[in-house]
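One structure below.
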There are 2 protein chains.
Amino acid sequence: MAKSTYTISELANEFGVTTRTIRFYEEKGLIHPRREGQKRLYSPADRVRIKLILRGKRIGMSLQESVELIDMYKPGHNNRDQLHSLIRTVQDRRARLLRQKQDIEDMLAGLDEVQALCERGLEDQQ
Amino acid sequence: MAKSTYTISELANEFGVTTRTIRFYEEKGLIHPRREGQKRLYSPADRVRIKLILRGKRIGMSLQESVELIDMYKPGHNNRDQLHSLIRTVQDRRARLLRQKQDIEDMLAGLDEVQALCERGLEDQQ
DNA sequence: CCAGACGTTTACGTTAACGTCAACTTGGTC
DNA sequence: GACCAAGTTGACGTTAACGTAAACGTCTGG
């Protein structure tokens, strides 16, 4: 079963980052772990938040962009204008993501070509 | 028909970057346009190279990573060891790209959810 | 001829995202 | 009580990827 609290080094190990990184995220206001005396204690929600931030980083998003995307989930958008505005933001993000996806597929196709050339090169030698 | 040479500002405009960016790429050894006197003249090949570098940037690759990927295409890998080594590099890259692609698909699914929530919120109001 | 657009080099400035100490506290354990 | 691992708070350092400004050449239309 999943743990209900994590220490900073547990999370650092799990995600392959340093504790400095996690403290830095707090310093930047991305996460707000509670404290037990001095020590930070991370909830499952904190953990997921870090995980999502790192997912964003993997596709080249800045930390700010990541949290903006993450915070689209949390409610608090009540009136019509806010909802319409949020929908537009969602569509912009989607467009960018689709383009990135296309970029990746193009690169994957390129890699297939390179590999095919390599394999032909090996066969021709033998 | 496609042009056979480009000025720096033509390319900067086409790609939505500044001339400083393009000069910076040269300074870093990523491109090598020929000169006409002082002025830089870019070939279609230079142009494609810049385009691919910017494609890499869009999915979070560093400039170095981009050129490494681009230079996998150019031949010069002749002996078996080089070919095998290149194949491994290709497979590593592919793995990373597949993961990024998965990340993007997850985010897209998340955006769909957010939008659905927004639309329900709007309907509930009316 | 000269102003404006476009190009050049050189050099210092900036931002994000941490790395890297140093100097300390705190909780077990031998 | 001494020690060690794991935690803490500053604070300064670093790298990538440009931005920005100065100071200068070149050529083209009015």
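All values below were derived from every heavy atom in this structure, side-chain atoms included, with hydrogens, water molecules and symmetry-related copies excluded. Here the structure is a predicted model, which means the values were calculated and not measured. We name chains A, B, ... by the order of the sequence lines, and we start the count at 1 in each one.
The base of D/dT8 has none of its N or O atoms less than 3.5 Å from a complementary donor or acceptor on the side chain of A/R23. For D/dT8, its base never sits under 3.5 Å from the side chain of A/R40 at any donor and acceptor pair.
One side chain, A/S43 or A/D46, offers a donor N or O that lies under 3.5 Å from an acceptor on the other.
Atom CD1 in B/I31 sits roughly 14 Å away from atom C1' in D/dC18 (whole-Å rounding). Per the geometry, CD belonging to B/E36 stands 14 Å off C1' belonging to C/dC6, to the nearest Å. Rounded to a whole Å, the CD atom of B/E27 is 13 Å from the P atom of D/dA16. When rounded to the nearest whole Å, the span between CZ of A/F24 and P of C/dT20 equals 15 Å. When the C1' atom of C/dT8 is taken as reference, atom CZ of B/R34 falls 18 Å away, rounded to whole Å. One atom, CG of B/L11, and another, C1' of C/dC6, lie 15 Å apart when rounded to the nearest Å. Spacing between atom CD of B/Q38 and atom C1' of C/dC6 amounts to 13 Å, rounded to whole angstrom units. Rounded to an integer number of Å, the gap from CG of B/N13 to C1' of C/dC6 is 12 Å.
Mapping B/S9 and A/T18 onto DNA chain C via the closest heavy atom, the residue that lands nearer the 5' end is B/S9.
Here C/dA11 is the nucleotide among C/dA11, D/dG7, C/dA17 with the atom lying nearest to any side-chain atom of B/R20. When each of C/dT8, D/dG19, C/dG19 is scored by its nearest atom to the side-chain atoms of B/I8, the top-ranked nucleotide is C/dT8. For B/T21, whose side chain is taken as the heavy atoms from C-beta onward, the closest listed nucleotide among D/dT8, D/dG19, C/dC18 is D/dG19.
Here A/K57 lies in heavy-atom contact (under 4.0 Å) with sugar-phosphate atoms only. As judged by a 4.0 angstrom heavy-atom cut-off over every strand, A/T19 is placed among residues making no nucleic acid contact.
Distance check: B/K28 NZ to B/L63 CG gives 8.5 Å after rounding to the nearest 0.5 Å.
Under 4.0 angstrom from either OP1 or OP2 of D/dA17 there lies no side-chain N or O belonging to B/Y25.
Of the residues listed (A/R58, A/K101, A/Q100), the one engaging B/D103 in a side-chain contact (heavy atoms from CB on, under 4.5 Å) is A/R58, and it is the only one. A salt bridge (charged side-chain N to carboxylate O under 4.0 Å, His left out) with B/E65 is found for one member of B/R96, B/K57, B/R55 and no other, namely B/R96.
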### Message
The test is side chain to side chain contact (heavy atoms under 4.5 Å, CB included); show your working for A/R94 and B/D112 and say whether it passes.
### Response
CA-CA 9 Å; A/R94 178 161 25 228; B/D112 288 348; 2.4 Å; yes
